[in-house]
2 protein chains.
Amino acid sequence: MIQPDAPIPVYLQIANIVAGRIERGELLPNRPIPSETQLRQEFGVARDTARHAVAVLRERGLVFTVPQRGTYVAEKPTGRSMRS
Amino acid sequence: MIQPDAPIPVYLQIANIVAGRIERGELLPNRPIPSETQLRQEFGVARDTARHAVAVLRERGLVFTVPQRGTYVAEKPTGRSMRS
DNA sequence: CTGTATTTGTTCGTATGTATT
DNA sequence: AAATACATACGAACAAATACA
């Protein structure tokens, strides 16, 4: 699933995979996404890389993190004002 | 006793020290090894490092952990069937 | 029965060092 | 030099189960 030697960095690959799960509704709003440890185990990467992936999702506004609690799926940006 | 800047990681140094105590019979089967807190105090390390050391001992089959109870010295692998 | 302390389990935050590309 | 990735190590917070006074 993950291509270590890839043209696109591992942390981005993971971020995209998780983003896909969110978009498909496999991960629901205000529900936790896999912890850093779980991401490490699932994708066989270092914590650093898992964290980086989560950071990307946060920057995209897809998730929010509660320190010492976990990272959760953000509420969907309500469809308002798509055009100007 | 512990060499922080060492060629061999602190968690391994601690694991080896405790392993030595087990092998020398200073820690007996089905008796608890020092708790994470005690390891932290004795070696002046973070809980993370103490836990990592215990995890190594567990992987080596030297100890087993009972959640919310402690970690105990494993029974010696009975000497039977050493040869074929 | 009721707290309090102990112990392991789990989470995220942060920093450093190393190696590779 | 910069980005990526891994390993190590410390910190902080909370949960849950157990043990005990």
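Every chain is numbered from 1, with letters handed out A, B, ... down the list of sequences.
Residues satisfying the salt bridge (charged side-chain N to carboxylate O under 4.0 Å, His left out) criterion with B:Glu23, sequence neighbours excluded, are absent altogether. By the side-chain contact (heavy atoms from CB on, under 4.5 Å) test, A:Leu28 pairs with A:Arg31, sequence neighbours left out. For A:Glu42, the side chain to side chain donor-acceptor pair (under 3.5 Å) partners two or more places apart in sequence, or in a different chain, are A:Arg21. Scored by the ring-ring contact (aromatic ring centres under 6.0 Å, His included) test, B:Phe43 finds no partners at all (sequence neighbours excluded). When the side chain to side chain donor-acceptor pair (under 3.5 Å) test is applied to A:Thr49, no partner is found at least two apart in sequence or on another chain.
One interatomic measurement links the two molecules: CD of B:Glu36 to C1' of C:dG9, which rounds to 9 Å at whole-angstrom precision.
A distance of 4.0 Å separates CD1 of B:Ile17 from CD1 of B:Ile2, quoted to the nearest 0.5 Å.
You'll find the side chain of B:Leu39 reaches within 4.5 Å of the side chain of B:Val54, heavy atoms only. B:Val73 places none of its side-chain heavy atoms less than 4.5 Å from the side chain of B:Leu62.
With a heavy-atom cut-off of 4.0 Å to chain B, the contacted part of DNA chain D has its first and last nucleotide at D:dT8 to D:dA19.
Other residues sharing the hydrophobic cluster of A:Val66, ordered by chain and number and joined by side-chain separations under 4.5 Å: A:Phe64, A:Tyr72. Cluster partners of A:Tyr11, using a side-chain heavy-atom cutoff of under 4.5 Å among ILVMFWY residues and allowing indirect links, are A:Ile8, A:Leu12, A:Val56.
Residues B:Ile33 and A:Arg47 each lie close to DNA chain C; by heavy-atom proximity, the contact nearer the 5' end of the strand is made by B:Ile33.
Side-chain atoms of B:Gln13 come within 3.5 Å of backbone atoms of B:Gln3 as a donor-acceptor pair (strictly under, hydrogens ignored). Distance alone, capped at 3.5 Å, is enough to place a donor-acceptor pair between the B:Gln38 side chain and the B:Ser35 backbone.
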- Message: Can you build the contact string for nucleotides 15-21 of chain C? Use B for base contact, S for sugar-phosphate-only contact, and - for no protein heavy atom under 4.0 Å.
- Response: -------
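Proximity of residues 37-46 of chain A to DNA chain C (heavy atom under 4.0 angstrom from any strand atom) is restricted to A:Thr37. DNA chain D lies under 4.0 Å from at least one heavy atom of each of the following residues of residues 56-74 of chain B: B:Gln68, B:Arg69.
A sub-4.0 Å separation between OP1 or OP2 of C:dG9 and a side-chain N or O of B:Arg51 is present.
Sorted by first and then second residue, the pairs that involve residues 48-71 of chain B and meet salt bridge (charged side-chain N to carboxylate O under 4.0 Å, His left out), not counting sequence neighbours, are B:Glu36-B:Arg51.
Pair assignment for D:dA16: C:dT7, on the basis of Watson-Crick or G-U wobble contacts that are both within less than 3.5 Å.
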